[in-house]
Amino acid sequence: MNDKETLVKKTIFSGVQPSGMLTVGNYLGSIKNWKEFEETYNCLYCVVDLHAITVRQDPATLRRRTYETLALYIASGLDPEKNTLFVQSHVPAHAELSWVLNCYAMHGELSRMTQFKDKSKKYASNINAGLFTYPVLMAADILLYQTDLVPVGIDQMQHIELTRDIANRFNQVYGDTFRMPEGFIPKAGAKIMSLAEPEKKMSKSDTNGNASVYILDSRDDIIRKFKRAVTDSDTVVRRAEGKDGINNLMTIYTAFTGKSDADIEAEFAGLGYGHFKLAVGEVVADALAPVHAEFDRLMADKAYLEGVMKDGAAKAAYLARKTLSKVYRKVGFTQPK
Ligand code: TYM
C-alpha cells in the first residue's frame with residue numbers, strides 16, 4: 001500500500017484477540033467477510049494482543065495463539081500481499097494514541113459499555129483498569145489508520161459508536177483530525193449463538209466445550225457438536241420467535257451456503273431436526289476443511305509467518321506514525337529536534 005493508494009482507496013481496519021481458540025462465531029462475524037474487501041480497500045487486519053492481556057493469559061499460550069490467529073487470517077483467504085496483516089504490540093503507536101485518547105474518553109461512557117459490565121462479572125477477581133479502558137485502545141486501533149469501515153460482529157458495535165464519540169470530541173477541540181469510521185455487519189452471521197445455550201453469544205472463552213464450535217475443530221467434533229446442539233420440542237425446521245437454537249442453526253447454514261430461510265425450510269420439510277443438524281455440521285466441516293489444511297501448512301513455516309508480521313508491522317507503523325504525529329502536534333507536545 002503506498003501513499004497514492006491510501007488517498008484513492010477507502011480504509012478498512014479490524015482485529016481479533018488471540019485470547020482463545022477462534023470460533024465459528026469469530027469466523028462468520030469477521031474473518032470470513034474480510035477477503036471481499038481486499039481489491040477495493042486498503043485493508044489492515046490486526047492480531048490484537050494488547051487487548052488480550054486485559055484477561056490473564058498464559059504467556060506461552062498467548063505467543064502460540066498470536067501465530068495461530070495470524071495463520072488463520074491467511075488460511076481464511078487473506079493475501080498478505082494485498083492486506084496489511086500485523087500484530088498490535090509490534091506497532092507502538094496503538095498504545096501511544098490510546099493514552100492520548102484516554103484523556104478524551106469519559107469515565108461515565110466507559111462504565112456503560114456492555115462488554116465491560118459482562119467481563120467484570122465473569123472475571124470479578126481481576127477488574128483491572130485495562131479492562132475498563134479496553135474500548136479506548138480499540139478506538140486508537142481504528143482512528144490511527146483514518147479508517148472508513150470496521151467489519152465486526154454486532155457485539156463490537158457499541159465500541160465503534162464510542163470510537164465515533166471520542167473522534168468527534170477530539171475533532172471539535174482540535175479541528176479535523178480523525179476520519180469518522182462506520183461499523184460493517186455481515187447479513188448472516190453478525191451474532192452466532194452458543195450451541196448449548198442458544199440465547200447466549202458463542203464465545204471463545206466459554207468453558208463448555210460443546211457450546212462453541214472452533215474453527216480448528218476436527219470434522220468429527222464439528223459434526224458431533226452440531227448433532228448435540230440444543231433446539232426445542234417442535235420438529236419443523238423454520239425460523240420463529242422462541243426457537244433460538246433452530247434460528248441459530250439456520251443462520252449458520254445461510255452464512256455458509258447463501259441459502260435463504262425459505263430455501264432451508266423447503267429443503268428440510270418433513271425431515272426433522274436430526275437431519276438438519278447433521279446437514280449444518282457437514283456444511284461447516286466441508287467449508288472449514290481447506291482452512292485447516294492451509295493452517296497446518298502455515299504453522300509449519302514460522303519463518304514465513306514472522307516475515308508477514310514484520311512486513312505488516314512496518315507498513316502499519318508508517319501509516320500510524322502520520323496520524324500520531326498530527327495528534328501530538330495538535331495537543332501541544334514538543335518534537336525532539
Ligand atoms: P473478539 O476477539 O472478541 O472477536 C473478533 C471478531 O469476532 C466477532 N464475534 C462474533 N461474531 C458473530 N457471532 C459471535 N458469536 C461472535 N463472537 C465474536 C466480533 O464481533 C469481532 O468482530 N474488541 C474486539 C477486537 C478489536 C477490534 C479492534 C475489532 C480490537 N480492536 C478494532 C475491530 C476494530 C474483540 O474483542 O473481538
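All ligand and atom numbering here is 1-based and tracks the order in the structure. Nothing fancy with the numbering, it's 1 onward along the sequence. In what follows, every heavy atom counts, from backbone to side chain, and hydrogens, waters and symmetry copies are set aside.
Heavy-atom neighbours of I53 CD1 from other residues, nucleotides or ligands within 6.0 Å: at or below the threshold of 12. For R228, the CZ atom sits in a loose shell: 12 or fewer heavy atoms of surrounding residues, nucleotides or ligands are nearer than 6.0 Å. Within 6.0 Å of atom CZ in R64, more than 12 heavy atoms from other residues, nucleotides or ligands are found, so the atom counts as buried in its surroundings.
The shortest N or O to N or O distance between G153 and ligand 1 is below 3.5 Å. By the 3.5 Å distance cut-off applied to N or O atoms, H159 is not counted among the residues near ligand 1. Inclusion of S14 in the set of residues having an N or O under 3.5 Å from an N or O of ligand 1 is not warranted. Checked by distance only, ligand 1 and I142 stay at 3.5 Å or farther apart across all their nitrogen or oxygen atoms. Considering backbone and side-chain N/O of M202, one or more are found under 3.5 Å from N/O of ligand 1. The distance criterion of under 3.5 Å between nitrogen or oxygen atoms is not met by Q115 with respect to ligand 1.
Under the 6.0 Å distance and 45° angle rule, K315 does not count as a cation-pi partner of F86.
For ligand 1, the atoms sitting less than 4.0 Å from at least one non-hydrogen atom of S30 are 6 (C), 7 (O), 22 (O), numbered in the order shown with element in parentheses. Residue-ligand proximity, Q17 to ligand 1, at heavy-atom distances under 4.0 Å covers atoms 2 (O), 35 (C), 36 (O). Of all atoms in ligand 1, numbered sequentially from 1 with element shown, those under 4.0 Å from a heavy atom of K191 are 12 (C), 13 (N). Listed by atom number, the atoms of ligand 1 under 4.0 Å from G29 heavy atoms are 11 (N), 12 (C). Atoms of ligand 1 found under 4.0 Å from any heavy atom of F13 (numbered from 1 in listed order, with element): 32 (C), 34 (C). Of all the atoms in ligand 1, the ones that sit under 4.0 Å from a non-hydrogen atom of A190 are 11 (N), 12 (C), 13 (N). Near Y134, meaning under 4.0 Å from any of its heavy atoms, are these atoms of ligand 1: 23 (N), 24 (C), 35 (C), 36 (O). The distance from ligand 1 to the heavy atoms of V48 drops below 4.0 Å at these ligand atoms: 25 (C), 30 (C), 31 (N).
Ranking protein heavy atoms by distance to atom 13 (N) of ligand 1, first place goes to I192 N, 2.8 Å. Summary of contacts: the protein heavy atom closest to atom 19 (C) of ligand 1 is D155 OD1, 3.3 Å. The single protein non-hydrogen atom nearest to atom 18 (C) of ligand 1 is N26 ND2, 3.2 Å, given as residue, atom name and distance. Among protein heavy atoms, the minimum distance from atom 31 (N) of ligand 1 is reached at D141 OD2, 2.6 Å. Nearest protein heavy-atom contact of atom 25 (C) of ligand 1 is G15 O, 3.6 Å. Of the protein's non-hydrogen atoms, Q156 NE2, 3.8 Å is the one closest to atom 37 (O) of ligand 1. For atom 10 (C) of ligand 1, the nearest protein heavy atom (residue, atom name, distance) is G25 O, 3.4 Å. Among all non-hydrogen protein atoms, the one lying nearest atom 34 (C) of ligand 1 is V150 CG1, 3.6 Å.
We find that E39 and K9 are not joined by a salt bridge, their nearest charged nitrogen and carboxylate oxygen being 4.0 Å or further apart. Using a cut-off of 4.0 Å between Lys/Arg side-chain N and Asp/Glu carboxylate O, R219 and D286 are scored as salt-bridged. Of the charged side-chain nitrogens involved, none lies within less than 4.0 Å of a carboxylate oxygen, so that E161 and R112 do not count as a salt-bridged pair.
A side-chain N or O of D141 and one of Q88 form a donor-acceptor pair less than 3.5 Å apart. Judged purely by distance below 3.5 Å, without hydrogens or angles, the side chains of N26 and T23 pair a donor atom with an acceptor atom. Side-chain atoms of K122 and S205 form a donor-acceptor pair, as typed in the model, at a separation below 3.5 Å.
Evaluated by nearest non-hydrogen atom to atom 28 (C) of ligand 1, the leading choice among K119, M157, M138 is M138.
In this structure, the side chains of Y328 and V100 come closer than 4.5 Å at one or more pairs of heavy atoms.
The two residues A313 and V91 make their nearest non-hydrogen contact at O-CG2, 3.8 Å. When all heavy atoms are compared, the tightest approach of R179 to L143 is O-CD2, 3.8 Å.
Heavy-atom separations between L28 and ligand 1 are all 4.0 Å or longer. Ligand 1 has at least one atom lying under 4.0 Å from a heavy atom of K204.
Aromatic rings of H94 and Y145 (six-membered ring for Trp) have centroids within the 6.0 Å cut-off, being under it.
Residue R239 is tested with D261, D234, D263 for a salt bridge (charged side-chain N to carboxylate O under 4.0 Å, His left out); the sole match is D261.
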